[in-house]
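So the structure is just underneath, and the comments pick up after that.
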Amino acid sequence: MGAVDSDEYRELVLQLVERIPPGRVMTYGAIAEYLADVSGRCSARQVGTIMARYGAGVPWHRVVNSSGRVVPGHEQRATERLAAEGVPLRAGRVIIKTAAWYPEDHTVGG
DNA sequence: TGACTGACGCCGG
DNA sequence: CCCGGCGCCAGTC
């Protein structure tokens, strides 16, 4: 499949975030990069916007920026949950090199 | 149309 | 490590 509609792209993002296993995290950029492979698009900003608007129903706390910063406006919440899952933290930030996760499949449906 | 706005990312100071 | 600037893209005014 090539390009997707915004609505579908939104679903792809949410579905991928749901697949992030506990104790692991993904960056906005990594999500965009992965989806670029399956949908032909790439934009960390778009991922951030989608998470801000529709991320309430998924493990949003497992999504952080490339610096390991947790979701702004929910630092307490996110850090709390991440710590409970065993995500390595350093000064309130996620240690990406250790906690970063990336899907091994090349399909999303499943 | 064109300007403004973000749950981003990389670089330089 | 923090801050500012620029590029990026889709949505909104």
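We use all heavy atoms of the structure for the numbers below, so side chains are in, but hydrogens, waters and symmetry mates are not. Per chain, numbering begins at 1; letters A, B, ... match sequence-line order.
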Look at the side-chain N and O atoms of Arg69(A) and state whether any lies under 4.0 Å from the OP1 or OP2 oxygen of dC2(C). yes
Within less than 4.0 Å of OP1 or OP2 of dG9(B), is there a side-chain N or O belonging to Ser66(A)? yes
Atom-to-atom span, [atom1] of [X] to [atom2] of [N] - whole angstrom:
{"X": "Arg90(A)", "N": "dC1(C)", "atom1": "CZ", "atom2": "P", "answer": "9 Å"}
{"X": "Arg53(A)", "N": "dG11(C)", "atom1": "CZ", "atom2": "P", "answer": "11 Å"}
{"X": "Tyr28(A)", "N": "dG9(B)", "atom1": "OH", "atom2": "P", "answer": "8 Å"}
{"X": "Ile31(A)", "N": "dA7(B)", "atom1": "CD1", "atom2": "P", "answer": "15 Å"}

Minimum heavy-atom separation for [X] and [Y], please, with both atom names.
{"X": "Ala99(A)", "Y": "Gly23(A)", "result": "CB-O, 4.4 Å"}
{"X": "Val63(A)", "Y": "Val71(A)", "result": "O-CG2, 3.7 Å"}
{"X": "Thr79(A)", "Y": "Gly92(A)", "result": "OG1-O, 4.2 Å"}

Closest to the Arg93(A) side chain, choosing from dC1(C), dA7(B), dG9(B):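 Per side-chain heavy atoms of Arg93(A), the pick is dC1(C).
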The side chain of Asn65(A) lies closest to which of these nucleotides: dA7(B), dG9(B), dC9(C)?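 Closest nucleotide among those given: dG9(B).
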Enumerate the ring pair (Phe, Tyr, Trp, His ring centres under 6.0 Å) contacts for residues 36-62 of chain A, please, sequence neighbours excluded, ordered by first and then second residue. Trp60(A)-His74(A)
Please, which pairs that meet salt bridge (charged side-chain N to carboxylate O under 4.0 Å, His left out) have at least one residue in residues 57-66 of chain A, sequence neighbours excluded? Arg62(A)-Glu85(A)
Looking at every strand, decide which applies to Ala52(A) at a 4.0 Å heavy-atom threshold: base, sugar-phosphate, or nothing.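 Counting heavy atoms under 4.0 Å across all strands, the contact made by Ala52(A) includes a base.
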So which of residues 94-102 of chain A are in contact with DNA chain B, with a heavy-atom cut-off of under 4.0 Å? none
If Ile, Leu, Val, Met, Phe, Trp and Tyr residues are connected whenever their side-chain heavy atoms lie under 4.5 Å apart, and connections chain through other members, are Val94(A) and Val58(A) in the same group?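 No, Val94(A) and Val58(A) fall in different hydrophobic clusters.
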